[in-house]
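Just below is one structure, and these are the notes that go with it.
A quick note: this is a predicted structure, and the numbers were derived from the prediction, not measured. Numbering of ligands and ligand atoms starts at 1, following listing order.
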Amino acid sequence: MAAGIDDIAIYIPQLYVEASDFAKARGLDPEKLERGLGIGQMAIVDTNQDPACLASNACLNVMQKNKLSPDEIGRLYVATESAFDESKAMNSYVIGMLEQVYGEGTFGHCGGIECKFACVSGSYALYDNTNWIRAGEAEGKYALVVVSDIAKYDLGSSGEVTQGAGAIAMLLNDNPRLLAFDPKVTSTSIKNEYDFYRPFGKETPIVHGQYSNLLYLIQVKNALIDYKRKVINTGLIKLKEGETILDHVDYLNMHLPYSNMGKKALAYLVRHEWRDLPRWKKIIEKIGMDEPTPKDPRGTIESVLADAEFMAKDHQFTKLFTNTEEYVELYESKLSSSLIGSKMIGNLYTASLYLGFRSSLEFEYQKGVNLNGKRVGFCSYGSGASAMIFSGIIQPEYEQVVKDMNLEAEIGPRTKLSLEEYEDLHENKRSPENNIRSANKEFILVDVNTSTESRGERQYTFVS
Ligand code: COA
């Protein structure tokens, strides 16, 4: 049975910080943010927004757009790494908010949980719900999977430039207009790691930035090896002599903590895939240097990062490789459109991969490309650490969904924050009712109870 994404909707907070203002305030070269990391603007939440509000707004958008009633939704999953309760699942808050619009008890039949595994959990949620549909359990109902996060790092930390916030709701069914997932090829890798984590009670994560970058690459490569084995064994893709699996994937979406990480990750995977192919000889000739190897090729991530000579050479090699016409052609045709949303909005943790997918659809369509039948690959990564690779085919009816996509219009009018306003919001110095922007047709947080017996209870309202 086919199963996949029928429609997709976003909700992005309208407050933002401009990367160049941010660079000036932190004494950074604006070029590092704009060209080095690929950051333009970072969406920031107002005092009266939390990840549950963002998720509910995205769900409401997708339901209203498709004129769906709650009895057509069989499951509602939220994937997030911005949880604010250790026990009560975020989807229950979302149900509560949606019932303010649709009526109390209208989602009573609907199952679901909150999923956690850093930025990869949304992909696990999609996979589980796809299989719920494939198993014939959906009785014609949709599954609603929403990925929602507030990417927040310590003031002055190296991660602070890679913040953002937003939610993406994906509607799944057995007759999707947008994308049908390839069956039996979803592949995963997993390892107990401490590249990025957020212990109980801490609002911002503990991050080993360069370690997490390299771990992301390795875990995604490991999952890709398994994906290759599966697509070949299932006969989904038949490789001819001298071909790589990437030749058969028209678009690639990478996990995007910042947009240039997508470019870096693609280069790493392509090097891995092309290294043993006849085409590599020509590339090496063009680059004019051999591909470097670490002093201890079987060493740890720490030993590779500490190998300064290798790191410098590898950096040089990557730069030369990413400037070859072969890589540029692949990057432009398979990845570049997916990075536009990330540059405009910033890091969305669980939602960043899907913002990339959403962005790719809009900007490839605008180029006039016929997307029907194109294969889309997804490279999902979550710190801690796990990667997931899967793919799907764009469906003949995709145009019904994609033709009206307009990220700028869907975000709505944005309000630029001064650095002072941003820092006050970041440090929670403003009370919830001291919001900056007036809410309009959306859910907002109005109260978090502080009494002993009901501490943490949240009240939301829909501002019509
Ligand atoms: N002009 C242009 N580019 C510049 C520059 C300048 N003046 N200064 C630096 N750059 C480039 C660097 O060359 C580098 O590009 P490259 O990766 O292509 O080599 C890029 O900007 C980033 O510089 P770097 O020195 O690596 O940045 P950093 O040490 O400040 O850290 C992160 C970057 C991503 C590690 C950091 O922001 C972080 O910890 N983020 C959170 C964790 C994360 O996102 N992990 C990703 C995996 S999930």
Side-chain angles (χ1 to χ4, degrees), residues 17 19-20 22-24 26-40 42 81 117-123 149-165 189 191 193-198 204-221 223 253-271 292 301 304-305 308 310-323 327-328 331 335 339 342-343 345-353 355-356 379-388:
V17 187
S20 52
F22 190 83
K24 208 188 296 163
R26 294 284 175 271
L28 297 168
D29 181 352
E31 286 289 294
K32 173 176 175 177
L33 273 70
E34 279 158 36
R35 287 192 335 111
L37 294 161
I39 296 162
M42 291 185 276
E81 56 178 302
F117 202 133
C119 304
V120 73
S121 61
S123 303
D149 266 309
I150 298 172
K152 182 169 180 175
Y153 292 85
D154 287 332
L155 284 187
S157 68
S158 68
E160 194 192 2
V161 296
T162 65
Q163 299 182 109
S189 70
K191 191 163 186 274
E193 288 278 5
Y194 278 98
D195 56 326
F196 171 116
Y197 59 106
R198 187 166 67 86
T204 50
I206 296 170
V207 190
H208 305 292
Q210 301 300 349
Y211 188 99
S212 75
N213 274 349
L214 185 52
L215 184 61
Y216 164 175
L217 302 178
I218 294 169
Q219 287 298 322
V220 168
K221 182 196 71 187
N253 290 292
M254 317 300 294
H255 166 52
L256 299 175
Y258 50 96
S259 74
N260 277 12
M261 189 62 204
K263 195 172 183 181
K264 251 173 124 105
L266 181 66
Y268 184 86
L269 293 184
V270 174
R271 276 170 65 177
I301 292 180
V304 172
L305 291 173
F310 164 73
M311 290 302 289
K313 277 198 178 146
D314 196 63
H315 192 256
Q316 186 192 359
F317 184 90
T318 306
K319 285 273 169 250
L320 293 169
F321 174 59
T322 50
N323 285 333
Y327 179 79
V328 171
Y331 164 78
L335 183 78
L339 307 182
S342 170
K343 280 184 198 144
I345 296 163
N347 192 358
L348 302 186
Y349 287 163
T350 50
S352 77
L353 177 71
L355 176 65
C379 300
S380 193
Y381 172 71
S383 292
S386 177
M388 180 184 273

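For ligand 1, the atoms lying closer than 4.0 Å to a non-hydrogen atom of Lys319 are 18 (O). Listed by number with element, the atoms of ligand 1 under 4.0 Å from a non-hydrogen atom of Tyr153 are 41 (C), 42 (C). Close contacts between ligand 1 and Leu37 involve ligand atoms 22 (C) [criterion: under 4.0 Å to a heavy atom]. Residue Thr162 approaches ligand 1 through these ligand atoms, each under 4.0 Å from one of its heavy atoms: 37 (O), 40 (N), 41 (C). Atoms of ligand 1 found under 4.0 Å from any heavy atom of Ser158, numbered from 1 in the order shown, are 30 (O), 36 (C), 37 (O), 38 (C), 39 (O). Those atoms of ligand 1 that come under 4.0 Å of a heavy atom in Gly209, given as number and element, are 35 (C), 39 (O). Shown in contact with Asp29 at under 4.0 Å from a heavy atom are these atoms of ligand 1, numbered in order with element: 6 (C), 7 (N). Of all the atoms in ligand 1, the ones that sit under 4.0 Å from a non-hydrogen atom of Tyr258 are 34 (C), 44 (O).
Distance check on atom 12 (C) of ligand 1: every protein heavy atom falls at or beyond the 4.0 Å cut-off. In this structure, atom 47 (C) of ligand 1 is in close contact with the protein, since a protein heavy atom lies within 4.0 Å of it.
Inter-residue side-chain proximity for Val304 and Met311 is flagged as met; some heavy-atom pair is nearer than 4.5 Å. The closest side-chain heavy-atom distance from Thr350 to Ser121 is below 4.5 Å. Side-chain contact check for Lys264 versus Tyr216: every heavy-atom pair is 4.5 Å or farther apart.
Geometric assessment of Lys263 against the ring of Tyr331 yields a positive cation-pi assignment under the 6.0 Å and 45° thresholds.
The heavy atom nearest to atom 5 (C) of ligand 1, out of those in Lys263, Glu31, Lys32, His315, is found in Lys32.
Listed here is the closest heavy atom pair of Leu37 and Tyr258: O-CD1, 3.3 Å. Contact between Asp195 and Gly384 at its shortest, heavy atoms only, is OD1-N, 2.9 Å.
Backbone and side-chain nitrogen or oxygen atoms of Gln210 are examined, and one is located within less than 3.5 angstrom of a nitrogen or oxygen of ligand 1.
Remark: distances from the non-hydrogen atoms of His208 to ligand 1 are all 4.0 Å or more. Ligand 1 has Lys264 within reach: a non-hydrogen atom of the residue lies less than 4.0 Å from it.
Of the protein's non-hydrogen atoms, the one nearest atom 21 (O) of ligand 1 is Gly36 CA, 3.2 Å. The shortest contact between atom 32 (C) of ligand 1 and any protein heavy atom is with Asn213 ND2, 4.5 Å. Among protein heavy atoms, the minimum distance from atom 45 (N) of ligand 1 is reached at Ser212 OG, 2.8 Å. From the protein, the heavy atom lying nearest to atom 42 (C) of ligand 1 is Val207 CG1, 3.5 Å. Closest protein heavy atom to atom 44 (O) of ligand 1: Pro257 CB, 3.4 Å.
Taken to the nearest 0.5 Å, the SG atom of Cys379 stands 13.0 Å off from the CD atom of Gln219. If you take CG on Asp154 and CD on Glu160, they are separated by 8.5 Å, rounding to the nearest 0.5 Å. Here the straight-line distance linking atom OG of Ser383 with atom OH of Tyr349 works out to 9.0 Å at 0.5 Å rounding. Leu339 contributes atom CG, which lies 5.5 Å from atom NZ of Lys343 (distance to the nearest 0.5 angstrom). Atom OG1 of residue Thr318 and atom OH of residue Tyr268 lie 10.0 Å apart, to the nearest 0.5 angstrom.
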- Query: Yes or no on side chain to side chain contact (heavy atoms under 4.5 Å, CB included) for Phe22 and Ile39, after CA distance, side-chain angles and deciding distance?
  - Reply: CA-CA 11 Å; Phe22 190 83; Ile39 296 162; over 6 Å; no
